[in-house]
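Have a look at the structure below before the remarks.
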Amino acid sequence: MKRSFAQCFALVFATATVLAPLAAAQEGKIKPPPLKASSETALPQSNSLDLLRQLDGSLTELTSKVSRAVVQIQVTGFGPAHKKSSDGGEGTSVLAEEHAIGSGVILDPEGYIVTNAHVVERAGRIRVVLPTPAGDSAFDTAPEGTSQMLVAKLVGADRETDLALLKVEADNLPTLPLGVKRPTRPGQLVFAIGSPEGLQNSVTMGVVSSVWRQPDPESPMVYVQTDAPINSGNSGGPLVDLDGYIVGLNTFIMTKGGGSEGLGFAIPASTIQFVSEELKKYGRVHRTEIGAKAQTITPTLAAGLGLKQDWGVLICDVTPDGPADTAGLKAQDIVLTVDARPITGLPGLGAALYQHPPAENVTLSVLRGSSRISIEIPALQHYDQQVELSSLATPANKIPRLGIFATNLERNFQYAVGNARSTSGVLVVAQTSGPNAQKTKLQAGDIIRSLNTTPMDSLEQLKSAVRELSSGDPVVLQIERDGAFQYLDFEMD
């Protein structure tokens, strides 16, 4: 008779209660209890072994099915080389080449792969290693380096949820389904698959410790908590249930020793679905904003402000002349519902705004004092434009002779350069390591306006001008730094 995985697992526990005393008796620890022929007698040992074999077969089958859609992600890019200033504080942004390994899962047979945003942060090149079938013996193991490797393009990344979507040129790839409509419960068996420490398609098993864990009370992000061992390199790999559905995407651990201590956190399947669809369609995540900030109500906060309830979500700030302010929302309003959805905490508020249709008013029900008020607020669509300058460094925009990475000055970089006087030029995003960076004294955030009195309007123009210079030629750069113009002079190496 064929049994389901769940039946096998349940019966194995029953089997263990029979086999454990027998095993202990063989070691001379206790006297085995006499077996009595009754309706309560445990299963014969042969049947117990059959159950163990069925469990083993079910685990093997599940692992084989799921592993085919889990990939290793290899990233080459530039990261900060820790450099202190002369006074011991943080110095300018100096970058050096770095390599990273993470995991990802194929969501679409046409080559769309989801992973963590931090895995591909500052990536200059991303490669995806497809899994190779597991062999039954050492003779069947594929030699290292023979796995199929594909170049991946970054479709988009969202730092708030720590999710990124990649695309490889391939089709008919194996995929894993998102378990969006499947209930997840504490105690549920789950499996984490990934490349911890670069060991591709490693499988660990555990249970769901908590379905909705909010590590940061002031952040709306919630996670599935698990005790399945997760280590460095597992980031971006799936946490799956017994049927191979994605419960979450393994993202981070809490640890004191640096390794897995049974406190792993995965982004829920519903969040993965929403963000990956947004990234696929727009390349970024649109968020509904109303021009107000909220925070979690604590009993102390409620007592100090004289609130009518000591739980829920409190409006703590309203942007002057913003949509919420214009509509009549006020600080110390308690949010009861958003679009008729009850709100009990920040994660619920964040989810409700995520799911709100664009171009429609947001309907809030709030408690103000003892009065319940309904407010219609025009929705704003927002997406994060603020990218760290160092994340713009790629091999293509490196100018070794100047010791910098640079890019064209664009309007959306104003957040990084403040109220710059320059409307065109070349923006320095980071220094390279080595002597040239020390010689030119250029810093991240500098705007190169001219080279030897010739205006520099683009990165390609600057690269071309530098190539024309010979060793020993004088170089004078006019730059803007912190809103002021100045000259930097040196001889070209």
Side-chain angles (χ1 to χ4, degrees), residues 117 158-163 210-223 225 251-252 254 265 267-268 270-271 274-275 278 284-388 415 418:
D158 182 59
R159 291 191 297 170
E160 183 171 324
T161 57
D162 197 13
L163 288 172
S210 175
V211 177
W212 300 107
R213 184 69 73 194
Q214 186 183 8
D216 181 359
E218 299 307 318
S219 170
M221 280 297 294
V222 292
Y223 301 88
Q225 181 185 335
T251 300
F252 71 95
M254 288 185 176
F265 298 87
I267 300 169
S270 56
T271 303
F274 172 80
V275 173
E278 286 277 300
R284 55 183 178 247
V285 177
H286 291 75
R287 291 182 174 83
T288 297
E289 289 193 350
I290 58 175
K293 182 175 174 58
Q295 69 182 78
T296 301
I297 298 174
T298 64
T300 303
L301 185 68
L305 296 179
L307 303 179
K308 294 296 183 181
Q309 63 183 52
D310 60 1
W311 55 271
V313 175
L314 179 75
I315 299 297
C316 57
D317 187 31
V318 178
T319 304
D321 301 322
D325 185 29
T326 303
L329 189 67
K330 297 184 180 300
Q332 297 190 23
D333 284 349
I334 298 173
V335 181
L336 301 176
T337 67
V338 174
D339 295 334
R341 294 185 177 93
I343 303 300
T344 58
L346 275 182
L349 177 61
L353 293 178
Y354 265 132
Q355 298 172 24
H356 180 80
E360 293 185 14
N361 288 346
V362 180
T363 304
L364 260 67
S365 175
V366 301
L367 186 65
R368 183 177 298 166
S370 57
S371 302
R372 183 169 181 147
I373 301 171
S374 181
I375 303 174
E376 295 280 330
I377 303 175
L380 295 176
Q381 290 299 308
H382 169 78
Y383 58 91
D384 185 12
Q385 288 185 316
Q386 298 193 10
V387 181
E388 293 180 7
Y415 72 91

In Å, rounded to the nearest 0.5 Å, how long is the span from [atom1] of [X] to [atom2] of [Y]?
X: Leu329; Y: Ile377; atom1: CG; atom2: CD1; value: 5.0 Å
X: Glu360; Y: Asp339; atom1: CD; atom2: CG; value: 8.0 Å
X: Leu367; Y: Thr337; atom1: CG; atom2: OG1; value: 11.5 Å
X: Leu349; Y: Ile315; atom1: CG; atom2: CD1; value: 7.0 Å
X: Asn361; Y: His356; atom1: CG; atom2: NE2; value: 7.0 Å
X: Leu307; Y: Leu314; atom1: CG; atom2: CG; value: 5.5 Å

**Study point:** Mutual orientation of the aromatic rings belonging to Phe252 and Phe265 [parallel < 30°, tilted 30-60°, perpendicular > 60°]
**Key:** parallel
Under 3.5 Å: donor-acceptor pair, side chain of [X], backbone of [Y]:
X: Gln309; Y: Trp311; result: yes
X: Asp310; Y: Thr298; result: no
X: Asp333; Y: Arg368; result: no

Exercise for review: Can you see which heavy atom on Ala379 is nearest to which on Thr288, and at what distance?
Suggested key: CB-CG2, 3.6 Å
Review point. What are the two closest heavy atoms between Ile375 and Ala327, and how far apart are they?
Key: CG2-O, 3.6 Å
Point to revise | Note, Gln295 side chain near Leu301 side chain (heavy atom, < 4.5 Å) | key: yes
